[in-house]
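This report concerns only the one structure given below.
Each chain gets a letter, A, B and so on, in the order its sequence line appears, and its residues count up from 1.
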Amino acid sequence: MSNDRGYYGEFGGAFIPEILVATFDELIRQFRKVKDDPSFWQTYSDLMSNYSCRPTPLTFAENLTRHFGGAKIYIKREDLNHTGAHKANNVMGQGLLVQRMGKTRVIAETGAGQHGVATATMAAKFGFECTIYMGEVDVKRQRPNVFWMEQMGATVIPVTDGTRILKDAINEAFRDWVTNMDNTHYVLGTACGPHPFPEMVSFFQSIIGKEARQQILELEGKLPTRVFACVGGGSNAMGLFSGFPDNSVECVGVEAAGYGLHTGQHASRLCSPDATVGVAQGYKTYFLQNDDGQMKETHSIAAGLDYIGVSPILSRMHQKGEARFESATDKEVIDAVKLTMKKEGIIPALESAHAFAGAFREAAELSSDDIIIINQSGRGDKDIFTIADAFGDPKWREFIKEKALDYK
Amino acid sequence: MSNDRGYYGEFGGAFIPEILVATFDELIRQFRKVKDDPSFWQTYSDLMSNYSCRPTPLTFAENLTRHFGGAKIYIKREDLNHTGAHKANNVMGQGLLVQRMGKTRVIAETGAGQHGVATATMAAKFGFECTIYMGEVDVKRQRPNVFWMEQMGATVIPVTDGTRILKDAINEAFRDWVTNMDNTHYVLGTACGPHPFPEMVSFFQSIIGKEARQQILELEGKLPTRVFACVGGGSNAMGLFSGFPDNSVECVGVEAAGYGLHTGQHASRLCSPDATVGVAQGYKTYFLQNDDGQMKETHSIAAGLDYIGVSPILSRMHQKGEARFESATDKEVIDAVKLTMKKEGIIPALESAHAFAGAFREAAELSSDDIIIINQSGRGDKDIFTIADAFGDPKWREFIKEKALDYK
Amino acid sequence: MLKKYIQKSLKTKEILLMTHIVVGYPSLDASMKIVEEMVKAGVDLIELQIPFSEPMADGPVILKANQKSLELGTTVKGCFEFAQNVSSRFDIPFLFMTYYNILYKYGVQSFVEDMVKVGIKGAIIPDLPPEEGLEYEEAMKSNNLCPIYIFSPTTTDERMRYISSCGKGFIYCMARKGVTGKTTQFSNELDEYFEKCRKNTSLPLAVGFGVKEKADIDYLKGKADIAVIGSQTIRLVDEKGIEAVGDFIKGL
Amino acid sequence: MLKKYIQKSLKTKEILLMTHIVVGYPSLDASMKIVEEMVKAGVDLIELQIPFSEPMADGPVILKANQKSLELGTTVKGCFEFAQNVSSRFDIPFLFMTYYNILYKYGVQSFVEDMVKVGIKGAIIPDLPPEEGLEYEEAMKSNNLCPIYIFSPTTTDERMRYISSCGKGFIYCMARKGVTGKTTQFSNELDEYFEKCRKNTSLPLAVGFGVKEKADIDYLKGKADIAVIGSQTIRLVDEKGIEAVGDFIKGL
Ligand SMILES: Cc1ncc(COP(=O)(O)O)c(C=O)c1O
Ligand SMILES: Cc1ncc(COP(=O)(O)O)c(C=O)c1O
């Protein structure tokens with residue numbers, strides 16, 4: 001898939017400080033070993049089925065299907081993973097690698113907090129020390145996740161530099177890593193960063209697509225017409241898309257349009273003209289940057305999509321037309337959450353809801369012979385503070401105010 | 001198991017107002033039909049595996065096992081169910097029944113809010129109208145669940161009568177039902193209430209024990225020495241215990257000792273001398289009541305265990321010595337949550353943590369040849385407000401205070 | 001003997017009136033005054049409700065009265081004393097109304113025997129269907145007390161006959177579904193139901209649930225033997241005080 | 001020619017001194033004054049860091065300086081102008097230090113050509129390993145500029161030789177793991193590492209990361225050709241003002 005230095009066409013690579021070269025060499029070596037060892041996949045998928053609940057279901061969304069009157073809609077239920085998102089797949093896989101490498105400490109960046117919770121969880125289970133870097137802005141919007149990370153024994157460090165979101169947390173994690181790589185592995189949370197991360201994270205996440213493909217063939221005896229995933233760094237999208245390399249299946253990635261593509265306040269790298277190719281955080285891809293190469297502020301209601309870069313593998317797919325990229329605004333996303341809750345009793349994470357919003361836009365135009373699969377990368381419980389605010393729930397506000405009074 | 005009127009020894013029965021007799025006759029008829037129809041169980045378990053993620057894993061708790069140095073500890077992962085608790089099993093089963101009965105509206109009581117969320121979810125999925133009764137005290141301690149129920153389209157009615165907790169919600173639900181039984185089914189949330197509820201709820205929850213039995217036999221080739229479940233109304237305990245009717249397996253139910261059995265501020269019906277046999281809420285069992293037969297106030301940190309009665313089937317098992325009943329105090333429960341998070345990266349619901357606390361007390365005294373299974377009936381995310389308070393987390397308090405300021 | 005009393009009274013009145021109080025609400029003294037007012041105003045029977053903490057079949061008005069009475073310290077023993085008091089002072093039949101747990105905890109046999117001692121003539125236990133009430137039924141009957149059972153709009157003919165065979169004194173017909181204290185539309189739509197009740201029992205019929213004004217009672221004349229006023233008097237006491245009860249009843 | 005300059009200078013000095021500034025921090029004017037102070041105090045080479053929004057290899061001090069400079073509006077074009085200014089005013093070699101994206105977005109070829117135009121002699125790009133830097137290396141070399149590559153304590157002998165073959169001018173040795181600006185214990189434990197570096201390259205050796213006082217530099221004498229002071233001067237400017245820089249450097 002990638003060449004030796006992890007290039008996908010012109011994208012990817014490993015733009016790493018010299019101090020990390022040996023660490024990456026060792027990581028690549030170990031990763032190659034496990035990737036080529038079929039018994040490793042067995043170990044990995046056993047772990048995922050014993051500790052998380054894989055295979056996750058592929059739920060037929062009967063009511064949504066009826067509502068749109070077009071394609072049959074299926075939902076891949078990554079929300080049912082332990083810790084509530086697809087992030088668990090990647091993290092547990094890397095945990096096994098860390099064990100093999102004999103390291104005793106893990107660090108990670110986190111945006112939505114899901115990857116942080118997943119990493120803290122993995123660390124507790126494997127007995128690793130754990131430090132999580134999280135932009136200060138995200139610490140605020142995802143406080144419940146911070147609480148759980150800390151309770152699981154992790155140290156959460158709010159990053160107060162830069163734009164104080166996901167990208168800044170990644171920088172901080174690298175700064176930790178270049179100091180502590182002897183005993184520390186950096187559990188990158190998405191299919192970005194220097195080689196071998198895009199390939200490695202996609203490898204672990206491919207469990208999503210493998211399962212989904214088998215499930216839809218069992219249920220329907222044919223492949224879907226389109227598959228939808230939200231795109232932050234791109235790991236859940238890669239996970240799903242990798243199961244459907246067929247020409248007949250259209251892969252659609254949905255990015256965050258924030259307040260709207262025209263406002264500049266968004267996080268769309270592939271479907272907006274605002275991003276250009278660059279090199280940062282160790283890899284080459286489309287970045288939201290200015291003409292000097294300085295990264296821009298991004299915005300999304302979903303902390304996990306609020307990121308400047310995107311998987312080099314997706315950039316390549318975009319370039320080759322192997323996947324289509326769309327976007328959904330904060331508002332469309334909230335509407336999609338509401339509709340999905342009311343119709344199916346399912347609460348997508350705000351990140352995942354981008355995929356729902358994208359799919360909803362297209363479902364009606366397809367026929368009942370068509371099938372679409374939406375990747376529900378996570379559950380929305382974690383977003384209660386954001387969702388309650390977005391919905392403007394007065395009872396929630398009252399509740400919080402009363403709670404605050406108790407704390408006086 | 002029960003006779004025609006749902007008696008288990010002297011416990012059970014159906015002490016229902018005349019107006020509901022016909023409704024119960026119809027319910028019993030329908031339930032008998034589905035119980036005797038093997039294809040129904042198939043439909044039910046298909047639904048649970050497509051919509052929730054059954055079979056839920058049986059996770060080997062390697063670190064806890066090492067920590068206690070006694071029996072091998074396994075955890076049955078009901079927390080991974082859609083909506084986060086075993087309540088989903090019962091609710092989806094009753095949903096199928098409601099469909100068969102042609103009713104269009106469901107009502108339910110809820111304590112921890114889990115059953116309410118599960119019912120609201122089921123109602124959204126099946127397209128039923130939905131009203132949830134919830135004691136005002138519980139509305140306060142489980143606000144996030146209330147928010148989700150409402151977003152799922154349910155009407156949540158805070159019950160301000162009586163002690164304003166679970167039992168009062170049950171009374172209110174009955175008051176609704178006697179008025180609206182033509183189109184309404186009351187989805188009772190636990191193995192209590194008038195016949196056929198104890199039998200019916202246990203039937204649906206038996207999926208837990210069926211799976212656990214098969215899983216432990218596959219993993220270990222032998223049966224566990226002891227199985228632990230927390231006991232509120234008794235549904236998750238019945239679900240697990242029913243899979244292990246063998247003499248060689250000791251079933252241990254753990255009740256809420258609240259501030260301590262000696263304080264009178266608890267919810268222990270079977271393991272404390274404070275409860276006596278009585279008849280309320282439609283069935284005969286042990287109740288926490290005074291000499292006049294007036295129900296007492298109960299207390300538990302876990303809203304879902306904070307209840308005066310207990311499944312008549314468990315009362316019978318207690319009487320016949322077929323199960324042992326223990327209790328755990330609020331404090332022991334918090335410690336058990338902490339330990340489980342740190343060691344396994346798993347957050348038990350406060351209810352479930354009673355089972356953990358009970359098991360932890362006994363694990364060390366057993367040998368490495370022994371196996372114990374703990375039923376993790378739900379996940380602790382829902383309890384963040386209670387747990388953060390119990391842990392006294394200052395950052396959480398700050399966060400809530402800041403949030404409240406935003407709402408000024 | 002309750003049946004006889006009813007039949008005798010019906011010779012001079014088109015329909016009898018049964019009222020209801022929750023013992024100890026709004027206070028024990030007030031309960032006594034309310035009974036006095038009721039008797040003076042010509043009520044024919046009175047239900048004395050022993051409060052219970054879980055009054056599942058009662059609507060908000062009676063539910064709150066139960067709770068308040070318990071908060072004020074009303075005990076089962078206190079209710080027996082109260083019963084003794086009123087039955088010795090007033091010459092109409094008094095019945096107990098309560099939930100089964102009160103009897104169960106007291107001991108059904110002792111409870112019934114003590115009813116006899118305090119002069120109570122029968123009991124209405126809304127959460128005790130006859131199938132569950134064998135011990136109670138026997139104890140009541142062998143003590144010459146009346147177990148009053150209930151017909152509801154959903155009760156089948158066959159079941160009415162069965163219930164009737166278990167009961168004594170009279171049958172309590174719920175005029176509609178639901179809990180106590182909500183409005184009922186007394187109209188000809190109910191005729192059929194009352195005819196069905198009549199057909200399936202030889203016991204007198206009391207009709208309750210939602211009876212609250214003269215028009216309701218007028219409608220019931222000829223169809224029922226007893227009209228039951230429940231929540232409405234409690235509401236009246238809450239709103240206008242005890243003194244209003246007498247006039248209200250006289251106006252019916 | 002950088003190598004030659006270094007070798008020539010080493011004839012009169014035991015060790016050379018390279019300092020570092022972030023262009024535009026704390027302001028463009030201040031940057032100019034700092035350079036002036038440094039040159040006056042006898043510094044031999046100066047790194048001009050073009051600020052980048054994601055300075056992954058820099059520690060808190062330089063990171064904040066990058067951010068502040070960008071906030072104040074520093075542009076890449078501004079940095080070239082600044083470079084032109086200082087290289088025409090002061091007669092020591094100036095190098096650019098920045099991250100690869102700055103070159104990439106500018107166009108590597110144009111960037112290098114403009115470096116020539118403004119009189120910059122070489123560049124240090126910490127996130128550009130030689131494997132990724134072919135285009136850059138070629139452009140630099142064909143324009144007679146020095147691509148300065150880095151040795152780290154984790155670099156193998158073989159790799160050092162490879163890196164050395166790609167670099168020109170001198171090699172930058174990281175004295176330790178980590179980011180810029182943290183303390184390094186300069187002790188004999190490092191001897192082996194520096195010997196290894198020396199063995200694997202014929203280029204002069206600059207040692208940086210944690211060099212901040214006279215003792216550090218004294219230790220490096222005989223082991224390194226250039227001592228690099230990075231964060232410490234920024235810290236000094238933050239704490240004591242620009243004026244303190246000259247004295248600090250003279251004291252080394
Ligand atoms: C639930 C969920 N979905 C999606 C994402 C986006 O990441 P990716 O694009 O790597 O799947 C996140 C990131 O935090 C997430 O938490
Ligand atoms: C997670 C969880 N566990 C246990 C219980 C107790 O119920 P039961 O005893 O019926 O399992 C509840 C009730 O709400 C619950 O939410």
Look at the side chain of B:N171 and the backbone N and O of C:M56, then say whether any donor-acceptor pair between them is shorter than 3.5 Å. no

Quick check: closest heavy atoms across C:I150 and B:E18, and the distance to 0.1 Å? O-CG, 3.3 Å

Checking C:Y104 against B:K284 for the side-chain contact (heavy atoms from CB on, under 4.5 Å) test, could you report, in this order, the C-alpha distance in whole Å, the side-chain angles of both residues, the deciding distance, and whether it holds? CA-CA 10 Å; C:Y104 183 83; B:K284 187 191 280 189; 3.6 Å; yes

What is the distance from atom CG of B:D161 to atom CG of C:D58, rounded to the nearest 0.5 Å? 11.5 Å

Would a distance-only check, ignoring hydrogens and angles, find a side-chain to backbone donor-acceptor pair under 3.5 Å from B:Q281 to C:E54? no

Chain B contact via C:N66 - which portion, at a heavy-atom distance below 4.5 Å: neither

Do other residues, nucleotides or ligands put more than 12 heavy atoms under 6.0 Å from B:D291 CG? no

Straight-line distance of B:Y7 OH to C:E132 CD, nearest 0.5 Å: 3.5 Å

Of all heavy-atom pairs linking C:S152 and B:I19, the shortest is OG-CA, 3.4 Å

At their closest point, which heavy atom of B:F15 faces which heavy atom of C:P129, and how far apart are they? CA-CD, 4.0 Å

Between C:L70 and chain B, which part of the residue has a heavy atom less than 4.5 Å away: side chain, backbone, both or neither? side chain

Just checking B:E297: does its CD atom have more than 12 heavy atoms from other residues, nucleotides or ligands closer to it than 6.0 angstrom? no

Given side-chain contact (heavy atoms from CB on, under 4.5 Å), test B:Q294 with C:I102 step by step and report yes or no. CA-CA 8 Å; B:Q294 311 295 356; C:I102 300 297; 3.6 Å; yes

Answer yes or no: does atom CD of C:E213 have more than 12 heavy-atom neighbours from other residues, nucleotides or ligands under 6.0 Å? yes

Between C:T154 and B:A22, which heavy-atom pair has the shortest distance, and what is it? O-CB, 3.8 Å

Should we say atom CD of B:Q99 is surrounded by more than 12 heavy atoms from elsewhere, each under 6.0 Å from it? yes

Could you check whether atom NZ of C:K141 has more than 12 heavy atoms from other residues, nucleotides or ligands sitting under 6.0 Å from it? yes

Is any side-chain heavy atom of C:P55 less than 4.5 Å from a side-chain heavy atom of B:R175? yes

Using 0.5 Å steps for rounding, measure from the NZ atom of C:K177 to the CG atom of B:D182. 3.0 Å

Contact class of C:P51 relative to chain B, heavy atoms under 4.5 angstrom: backbone

Begin with the C-alpha distance, continue with both residues' side-chain angles, and end with the deciding distance and a verdict on side-chain contact (heavy atoms from CB on, under 4.5 Å) for B:E172 and C:L63. CA-CA 10 Å; B:E172 251 345 271; C:L63 163 63; 4.1 Å; yes

Ignoring hydrogens and geometry, is there a side-chain-to-backbone donor-acceptor pair from B:D292 to C:T75 under 3.5 Å? no

Might you confirm whether atom OH of B:Y259 has over 12 heavy atoms from other residues, nucleotides or ligands at distances under 6.0 Å? no

Evaluate the criterion side-chain contact (heavy atoms from CB on, under 4.5 Å) for residue pair B:V178 and C:V179; output intermediate values, then yes/no. CA-CA 7 Å; B:V178 297; C:V179 287; 3.7 Å; yes

So, the part of C:K64 with a heavy atom under 4.5 Å from chain B: the answer is side chain

Which portion of C:I163 sits near chain B, non-hydrogen atoms under 4.5 angstrom: side chain

To check you understand the geometry: which heavy-atom pair defines the closest contact between C:K105 and B:N290, and what is its length? CE-O, 3.4 Å

